[in-house]
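For reference, the structure is listed below as structure tokens.
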Amino acid sequence: KKMAYSQKTIDAIMRAPKTQGNQLGRWAVHLNFSVVRIAKALGVSRQTVYNWFEGGEIFVAYEHRVETMLTFLKNSKTADEAWRKICQHYDLAP
């Protein structure tokens, strides 16, 4: 299965400070869970998600949503399982 992340992106995530957004990035890489899905579920741009992955500040308005997404990723065995749970939680079409 194709990796959702380039080696350059993975290296940047692994070097970044362990912020909440960076943890999201580490779990996304671990599950091969795409930035497109994260951006869609959280209502932000893909660039914003990449910024978070590399330690960028998460606005207070998004902190709870990021924490919720992180919980779904941590408690799922696959990206597809996580996506089903997230879609159900946020009432999104898979």
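Here the structure is a predicted model, which is why all the values come from computation and not from measurement. Starting from 1, each residue takes its place in the sequence as its number. Both backbone and side-chain heavy atoms feed into the values below; hydrogens, waters and symmetry mates do not.
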Test log, rule side-chain contact (heavy atoms from CB on, under 4.5 Å), inputs K40 and W83: CA-CA 11 Å; K40 178 179 176 181; W83 185 236; 4.1 Å; yes

Mind checking salt bridge (charged side-chain N to carboxylate O under 4.0 Å, His left out) for E54 and listing every partner two or more places apart, or none if nothing turns up? none

For S34 against A4, the heavy-atom pair lying closest together: CA-CB, 4.3 Å

Whether the E63 and Q20 side chains hold a donor-acceptor pair (N or O, under 3.5 Å, no angle test) is what I'd like checked. no

Considering the options T48, V66, I58, I86, which one meets the side-chain contact (heavy atoms from CB on, under 4.5 Å) requirement together with L42? V66

Does the side-chain contact (heavy atoms from CB on, under 4.5 Å) test come out yes or no for Y50 and I38, once each step is laid out? CA-CA 10 Å; Y50 283 115; I38 293 170; over 6 Å; no

Correct closest heavy-atom pair for F53 and A28 would be CZ-CB, 3.8 Å

Rounded at 0.5 Å granularity, tell me how far NE2 in H30 sits from NZ in K74. 12.0 Å

If every non-hydrogen atom of V29 is compared with every non-hydrogen atom of I13, which pair is closest and at what distance? CG2-CD1, 3.7 Å

Would you find more than 12 non-hydrogen atoms of other residues, nucleotides or ligands less than 6.0 Å from E81 atom CD? yes

For A82 and F33 the tightest heavy-atom approach is CB-CE1, 3.9 Å

Report whether L70 and L92 are members of the same hydrophobic cluster (ILVMFWY, side-chain heavy atoms less than 4.5 Å apart, transitive linking). yes

Do V49 and F59 sit in one hydrophobic cluster, given that two such residues count as connected whenever their side-chain heavy atoms are within less than 4.5 Å of each other, even indirectly? yes

Is the backbone of N75 close enough, under 3.5 Å, to the side chain of K85 for a donor and an acceptor to pair up by distance? yes

Closest heavy-atom contact between A79 and R37? O-NH1, 4.0 Å

Could you tell me whether a side-chain N or O of N22 sits under 3.5 Å from a main-chain N or O of G55, the two making a donor and an acceptor? no

After noting the C-alpha distance and the side-chain angles of W27 and M69, does the key distance pass the side-chain contact (heavy atoms from CB on, under 4.5 Å) rule? CA-CA 10 Å; W27 277 98; M69 166 118 359; over 6 Å; no

Parallel, tilted or perpendicular: which fits the ring planes of Y62 and W52, with parallel below 30° and perpendicular above 60°? tilted

